[in-house]
Protein chains: 2
Amino acid sequence: MKLITRETDYAVRALMCLANNQGMVMPVEKIVREIKLPHAFARRLIQVLAREGIVRSVKGKNGGCELAKNLDKIKLVDIMAIFQGDVCLNECLFKKNICPNRSTCPLRKKIRAIESLVLKELRSITLATLMH
Amino acid sequence: MKLITRETDYAVRALMCLANNQGMVMPVEKIVREIKLPHAFARRLIQVLAREGIVRSVKGKNGGCELAKNLDKIKLVDIMAIFQGDVCLNECLFKKNICPNRSTCPLRKKIRAIESLVLKELRSITLATLMH
DNA sequence: TTTAATGATACTATAATTGTATCATTTGTC
DNA sequence: GACAAATGATACAATTATAGTATCATTAAA
Ligand code: FES
Ligand code: FES
């Protein structure tokens, strides 16, 4: 049961890499050299981050990318949302018919509560936190 | 990002079904009729639960299965472990080399903390809770 | 004009999840 | 003992999600 997929993992690593070079535009090639991940995968990944406004990219020679926001504005949970969709720990175990009192169902409440806990924690993790 | 797979979901439903018929041995056929799930899938699922000692099964005519433990001894987290493996929300995002201070890494601590929270909550959910 | 970069996007491979099928074994009942 | 109704064990197939690859177009500095 993975909370974070490898793609998110890579993305965060790449972002940390950019964070270490703030102010400079860094080509994907360089990121790939610093953190070990497949080249083509990295390309696509950065393209997505650029489209999502997490990084700013510069085309052409001497191009590359840099963080588009402040470290403390880039949340882990947002990166997760981009690559894995929203954090949603299963809406209802028992889809309709088994549970007669859906609105007051204790399990439903519990799962929701767990989700809130996880979200609260995840929201508190930013690139700034990670770089400490 | 699913915390619970469909197999676990089905398993819990089936167990709740058995809980509603405590003291009686119930054939899988009957479970399948009560909660909607594929017959062959249910067969295999119950077989696993029997092997794991969650239900007790009776072979032969008039056979079937029943809960092997008290409602409050059957934890959601154990059913999850059987069908999905241990709850482990990603050991370390950055596998070695990126994080220099592995032992004090703040992210590591955070992820671990989230895992503990989730586990604590999950452990408190038993069949008894679910039947309330 | 060449070169080094990104943008867009289609494709393949692998693994996990979900679902199916078969045959053997057990046990109550006629 | 034969039959029927159940589980045990286990192999297989289908679908979906994740992980990874490849290609061609576009941009801009040198
Ligand atoms: S389990 Fe879903 S409403 Fe009760
Ligand atoms: S991120 Fe894993 S040790 Fe720091």
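Chain naming here is simple, since letters A, B, ... match the order of the sequence lines and numbering starts at 1 in each. Values below: all heavy atoms of this structure, side chains included; hydrogens, waters and symmetry mates excluded. What you are looking at is a predicted structure, and each value in this text was computed from that prediction instead of being measured.
Classification of E115(A) and K120(A) as a salt-bridged pair fails, no side-chain N sitting under 4.0 Å from a carboxylate O.
Counting to the nearest Å, the C1' atom of dA16(C) and the CD atom of Q84(A) are 15 Å from each other. Between I31(B) atom CD1 and dA6(D) atom P the separation is 12 Å, expressed in whole Å. At whole-Å resolution of the value, NZ in K30(B) and C1' in dA5(D) are 15 Å apart. Atom pair E52(A):CD and dT6(C):P shows a separation of 18 Å (rounding to whole Å applied). What separates CG of L45(B) from P of dT17(C) is a distance of 14 Å, to the nearest Å. R6(B) places its CZ atom 18 Å from the P atom of dA14(D), with the value rounded to the nearest Å. As a whole-Å value, the separation of E66(A) CD from dT6(C) C1' is 14 Å. With rounding to whole Å, K61(A) atom NZ is found 11 Å from dA29(D) atom P.
A 4.5 Å side-chain heavy-atom check between I125(A) and K75(A) finds every atom pair outside the cut-off. Residues I31(B) and C65(B) have side chains in contact (heavy-atom distance under 4.5 Å, counting atoms from C-beta outward).
N62(B) has no side-chain polar atom (N or O) that falls below the 4.0 Å cut-off from OP1 or OP2 of dT27(C). Under 4.0 angstrom from either OP1 or OP2 of dA17(D) there lies no side-chain N or O belonging to T5(A). Applying the 4.0 Å criterion to OP1 and OP2 of dG20(D), one finds that Y10(A) has a side-chain N or O inside that range.
For the side-chain contact (heavy atoms from CB on, under 4.5 Å) criterion with H39(A), the lone passing option out of E29(A), R44(A), R33(A) is E29(A).
In this structure, T8(B) contributes its side chain and I4(B) its backbone to no donor-acceptor pair below 3.5 Å. Judged purely by atom type and a 3.5 angstrom limit, D78(B) has no side-chain atom pairing as donor or acceptor with the backbone of I74(B).
At the heavy-atom level, E7(B) lies under 4.0 Å from the strands shown only through sugar-phosphate atoms.
If you chain together hydrophobic residues whose side chains sit under 4.5 Å apart, L119(A) and L127(A) fall into the same group.
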Expected rows: protein N/O vs nucleotides 7-10 of chain C N/O, under 3.5 Å:
residue : atom : partner : partner atom : Å
dG7(C)  : OP1  : S57(A)  : OG           : 2.4
dG7(C)  : N7   : R43(A)  : NH2          : 2.8
dG7(C)  : N7   : Q47(A)  : NE2          : 2.9
dA8(C)  : OP2  : R51(A)  : NE           : 3.4
dA8(C)  : N7   : Q47(A)  : OE1          : 2.6

